Protein chains: 2
Amino acid sequence: MDIENLVKEKDIKLTTARTEILEKLIHAKKPLSYDDIKKDISMDKATFYRNITKFEKKMIVNSFESNDKKRYFEIFESPHPHFVCVVCDSVECIKKHLEFKLSGYTIENIILKGKCKKCNQI
Amino acid sequence: MDIENLVKEKDIKLTTARTEILEKLIHAKKPLSYDDIKKDISMDKATFYRNITKFEKKMIVNSFESNDKKRYFEIFESPHPHFVCVVCDSVECIKKHLEFKLSGYTIENIILKGKCKKCNQI
DNA sequence: ACTTTAATGCAACTTAGTTGCACATATAAA
DNA sequence: TTTATATGTGCAACTAAGTTGCATTAAAGT
Ligand SMILES: [Mn+2]
Ligand SMILES: [Mn+2]
Ligand SMILES: [Zn+2]
Ligand SMILES: [Zn+2]
């Protein structure tokens, strides 16, 4: 997965700031918050948030709200659930498919909260 | 369900402020945020949050973070999922049981985000 | 080069929730 | 009934994630 491909046909200018954000997210193993990312990028936080908002509109990035009042971002892939640990606040993608139906509702996002593997062993 | 019963054996003093909060939550049909509740209670918000934190520790109340950066509170019952509408920001309890297993993880809370029945009809 | 449009940095702002502190209330001991 | 100790409350100041207004800069299109 490369950046050129991500923004192709999305009608978006590839500035230095945007490249920095996408570069970081592409290589991340987990969804990241602005706080996780800020040390590695050079732009102002206003620029970060304005760009990430644009990425979300263009379906390049998606995000969800965690337990710790922070928003977590990842490169948009096929929708999958996320796990948030209430002990250590870590966030993980759950690749296992979870089937879920609720008639009348459209489910776009599933967030599971609880204790992660690591915190369960303690 | 009455308040006496809720706080029984929980080692908690039943002050006016606390009664007001529990009274409101007991009669609510959905989880409520501080914002939802504040017009009906007379205490300062510091008191509200300090008490609700105590209720959570004593397992009288539980809460979850919604989409709109607000925390939603309800009287603690047997754990069940919640649905948050990304369009109208409404919050609902899902009484239907959803079976879910992830080995190694303890799932304490499930939050589904998407479009509610009402917003799907529009 | 000139015009138009979008992107950026900075500072000020917003808002849910938290904290320090003085005062009030309750319970327990003397 | 007084005194001590602990707990609860209101108020104001604070925190922290995210947003917004505005002046400046960098792109693109002509
Ligand atoms: Mn993910
Ligand atoms: Mn519920
Ligand atoms: Zn954990
Ligand atoms: Zn809705």
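In this text the structure is predicted, and so the values were computed from the model without any measurement. Naming: A, B, ... by sequence-line order, numbering from 1 per chain.
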If the cut-off is 4.0 Å, is [X] near the phosphate of [N], judged by side-chain N/O to OP1 or OP2?
X: A/Lys54; N: C/dA7; answer: yes
X: A/Thr15; N: C/dA6; answer: no
X: B/Tyr49; N: C/dT18; answer: no
X: B/Arg18; N: D/dG8; answer: yes

Gap between atoms [atom1] and [atom2], on [X] and [N] respectively (whole Å):
X: B/Lys70; N: D/dG18; atom1: NZ; atom2: P; answer: 16 Å
X: B/Ile21; N: D/dG8; atom1: CD1; atom2: P; answer: 12 Å
X: B/Phe55; N: D/dG8; atom1: CZ; atom2: C1'; answer: 12 Å
X: B/Asp36; N: C/dA16; atom1: CG; atom2: P; answer: 11 Å
X: B/Lys69; N: C/dC13; atom1: NZ; atom2: P; answer: 18 Å
X: A/Ile12; N: D/dA26; atom1: CD1; atom2: C1'; answer: 16 Å
X: B/Phe48; N: C/dT19; atom1: CZ; atom2: P; answer: 16 Å
X: B/Asp11; N: C/dA26; atom1: CG; atom2: C1'; answer: 14 Å

Students often get this wrong, so: under 4.0 angstrom with heavy atoms, is [X] touching a base, only sugar-phosphate, or nothing?
X: A/Lys45; result: base
X: B/Arg50; result: base
X: B/Asp35; result: nothing

### Task
Map B/Asp44 and B/Lys13 onto DNA chain D by nearest heavy atom, then report which one ends up closer to the 5' terminus.
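It is B/Lys13, whose closest nucleotide lies nearer the 5' terminus.
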5' precedence on DNA chain D between A/Asp68 and B/Asn51 (nearest-nucleotide basis)
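This one resolves to B/Asn51.
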Salt-bridged, A/Arg18 to A/Glu23, with N to O below 4.0 Å?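 A/Glu23 and A/Arg18: not salt-bridged.
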Item to complete: Look at B/Arg71 together with B/Glu65 and state whether they make a salt bridge at an N to O cut-off of under 4.0 Å.
Response: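 Counted as a salt bridge, because a side-chain N and a carboxylate O are separated by less than 4.0 Å.
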Q | Test applied, side chain to side chain contact (heavy atoms under 4.5 Å, CB included); reference residue, B/Val91; option that passes from B/Val84, B/Asn67, B/Ile111 | A |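 So, applying the side chain to side chain contact (heavy atoms under 4.5 Å, CB included) to B/Val91 and each of B/Val84, B/Asn67, B/Ile111, only B/Val84 qualifies.
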*DNA chain C: A/Ser42 or B/Arg71, which has the more 5' nearest nucleotide?*
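Nearest nucleotide further toward 5': that of A/Ser42.
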Just by distance, with hydrogens left out, do B/Glu74 and B/Ser63 show a side-chain donor and acceptor under 3.5 Å apart?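 Short answer, no.
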Any side-chain donor-acceptor pair under 3.5 Å between B/Asp36 and B/Ser33?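 Yes - a donor-acceptor pair under 3.5 Å links their side chains.
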Original post:
What nucleotide, of C/dT8, D/dG18, C/dT18, holds the atom closest to the side chain of A/Thr47?
Top reply: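 So the nucleotide nearest the side chain must be C/dT8.
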